[in-house]
There are 2 protein chains.
Amino acid sequence: MSHTPVGVRRTQKLRTRQALLDAALDLLEHQSLSSLGLREVTRAAGVTPTAFYRHFEDTAALGVALVEETLGSLHGLIAAVLAETGDSEERLDRSVAVIARHVGAQPAHFRFIAREQHGGVGPVRAAIAAQLRRFAEEVACALGQEPGSAGWSEEDLLMLGGLYVDHMVITTSTLLEAGPEGEAEVVRVARRRLRLVTIGRAHWLDEG
Amino acid sequence: MSHTPVGVRRTQKLRTRQALLDAALDLLEHQSLSSLGLREVTRAAGVTPTAFYRHFEDTAALGVALVEETLGSLHGLIAAVLAETGDSEERLDRSVAVIARHVGAQPAHFRFIAREQHGGVGPVRAAIAAQLRRFAEEVACALGQEPGSAGWSEEDLLMLGGLYVDHMVITTSTLLEAGPEGEAEVVRVARRRLRLVTIGRAHWLDEG
DNA sequence: CCGTTCGGAGTACGAGTGTTCACTGACTTG
DNA sequence: CAAGTCAGTGAACACTCGTACTCCGAACGG
């Protein structure tokens with residue numbers, strides 16, 4: 001047992017690492033990752049430029065870390081929302097509400113994801129795509145366990161899951177553009193869109 | 001009537017302007033607009049940095065010009081595709097095919113749009129949003145003239161139009177990520193998604 | 001034909017960039 | 001408690017960047 005339980009050193013390292021991530025997220029509110037300077041980040045974090053290399057190789061690597069931080073903690077959430085009881089209308093409303101709440105709580109994180117999903121930094125794009133694919137699979141799995149999905153093929157479930165996930169991404173983007181005052185309207189339209197998709201889902205096997 | 005019918009000067013000016021746009025589009029294949037340097041563009045275009053200012057105030061202004069170039073010429077196309085006869089299945093397949101063809105023909109243009117739709121340059125974001133809104137309105141208008149849209153409210157038509165447009169944007173992004181070899185699969189899934197939306201549309205008034 | 005317009009060239013400046021290097025001093029380990 | 005590890009420092013490197021000048025010469029209008 002050492003004198004310092006967890007290691008003062010590791011703790012401090014994680015602290016400055018987080019300071020770098022936070023500073024970067026702040027700066028990324030008004031620019032995109034490919035124009036984000038290493039020095040710019042360290043200056044905002046209160047560290048010298050050389051210290052950056054102790055934590056990340058690139059600004060690209062920092063971007064990938066930001067992706068994990070934002071999307072990594074969301075995986076449990078989806079399954080939880082979809083697993084709750086209630087008719088589809090209720091669950092749909094709840095899903096949209098959950099998204100609106102999360103986006104409202106940490107806009108910068110979601111702005112970053114929306115911006116870099118198709119941004120100029122390859123590794124970051126790949127990291128986001130991988131996370132979204134996982135979301136689509138999770139949604140497909142949750143849908144597959146419902147009675148309403150009897151007779152659906154694996155592939156169609158994935159298609160539907162991807163459809164829902166893409167709509168969630170679009171909704172977050174729109175929420176960010178609209179700002180707090182436009183949130184209600186965006187939520188209204190998003191609900192209607194999802195309802196239309198759900199209706200299509202209910203009649204999919206009739207006309208597929 | 002002057003000695004030179006169109007004006008040699010204006011022609012040359014337009015020529016270098018186009019050279020700047022083309023060079024920028026090339027460079028934007030692997031980075032985003034906010035990291036694109038003025039000098040970088042002029043170097044690739046074979047012009048001195050100062051010449052840039054004769055055509056654009058900013059790289060942002062150049063970006064807006066690129067948006068117009070890419071999206072401005074597409075407005076007639078949508079109405080044309082939607083106006084053609086045939087059942088909804090046929091029209092749907094044709095729409096997807098038209099998109100795949102356009103994206104395949106000029107990938108760089110569409111990559112630029114996908115990248116800057118949520119990118120770090122405000123004016124460009126605004127320009128793209130304005131164009132997409134116009135698209136949504138055009139689609140809504142076209143849909144409203146169909147017999148299948150009887151009883152639909154103006155607002156719901158716009159919602160549906162936006163839904164279609166957003167799906168088109170998603171499809172273009174996915175096509176770009178997949179590359180030529182993955183095109184067939186992407187087109188398959190995109191068609192299925194649109195079919196599901198169309199089914200939802202057919203039953204919208206039953207359960208709305 | 002002559003004066004004007006103007007697209008573009010050339011030069012120069014200050015500021016900011018990513019990266020390397022030797023170095024320091026607090027924490028950690030045996 | 002001594003030896004070693006290592007997060008962070010500070011100075012220096014060789015760039016690129018946007019922008020402000022002046023200037024040239026071909027195309028233009030009267």
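The sequence lines fix the lettering, A, B, ..., with proteins before strands; numbering per chain opens at 1. Since the structure is predicted, the reported quantities are computational estimates derived from the model, not experimental observations.
No engagement by Arg15(A) is indicated, since no non-hydrogen atom pair under 4.0 Å with the nucleic acid exists. If you check every strand for non-hydrogen atoms under 4.0 Å, Arg17(B) touches nothing.
Nearest nucleotide to the Arg9(A) side chain, out of dG25(C), dC28(D), dG8(C): dG25(C). Of all nucleotides listed (dA9(C), dT19(D), dT19(C)), dA9(C) comes nearest to the side chain of Thr48(B). Of the listed nucleotides (dA27(D), dT28(C), dG8(D)), dT28(C) has the atom at the smallest distance from the side chain of Val8(A).
Side-chain contact, Ser35(A) with Ser35(B): no donor N or O sits under 3.5 Å from an acceptor N or O.
For dA20(D), neither phosphate oxygen OP1 nor OP2 lies less than 4.0 angstrom from any side-chain nitrogen or oxygen of Thr50(B).
Residues Met168(B) and Leu194(B) have side chains in contact (heavy-atom distance under 4.5 Å, counting atoms from C-beta outward).
Under the 4.0 Å criterion applied to side-chain N and carboxylate O atoms, Glu29(B) and Arg111(B) are assigned as salt-bridge partners.
Positionally, the nearest nucleotide of DNA chain C for Gln12(B) lies more toward the 5' end than for the other of Arg54(A) and Gln12(B). With the nearest nucleotide of DNA chain C identified for both Gly46(B) and Arg39(B), Gly46(B) has the one nearer the 5' end.
The line from CG of Leu38(A) to OG1 of Thr59(A) is 7.0 Å long, rounded to the nearest 0.5 Å.
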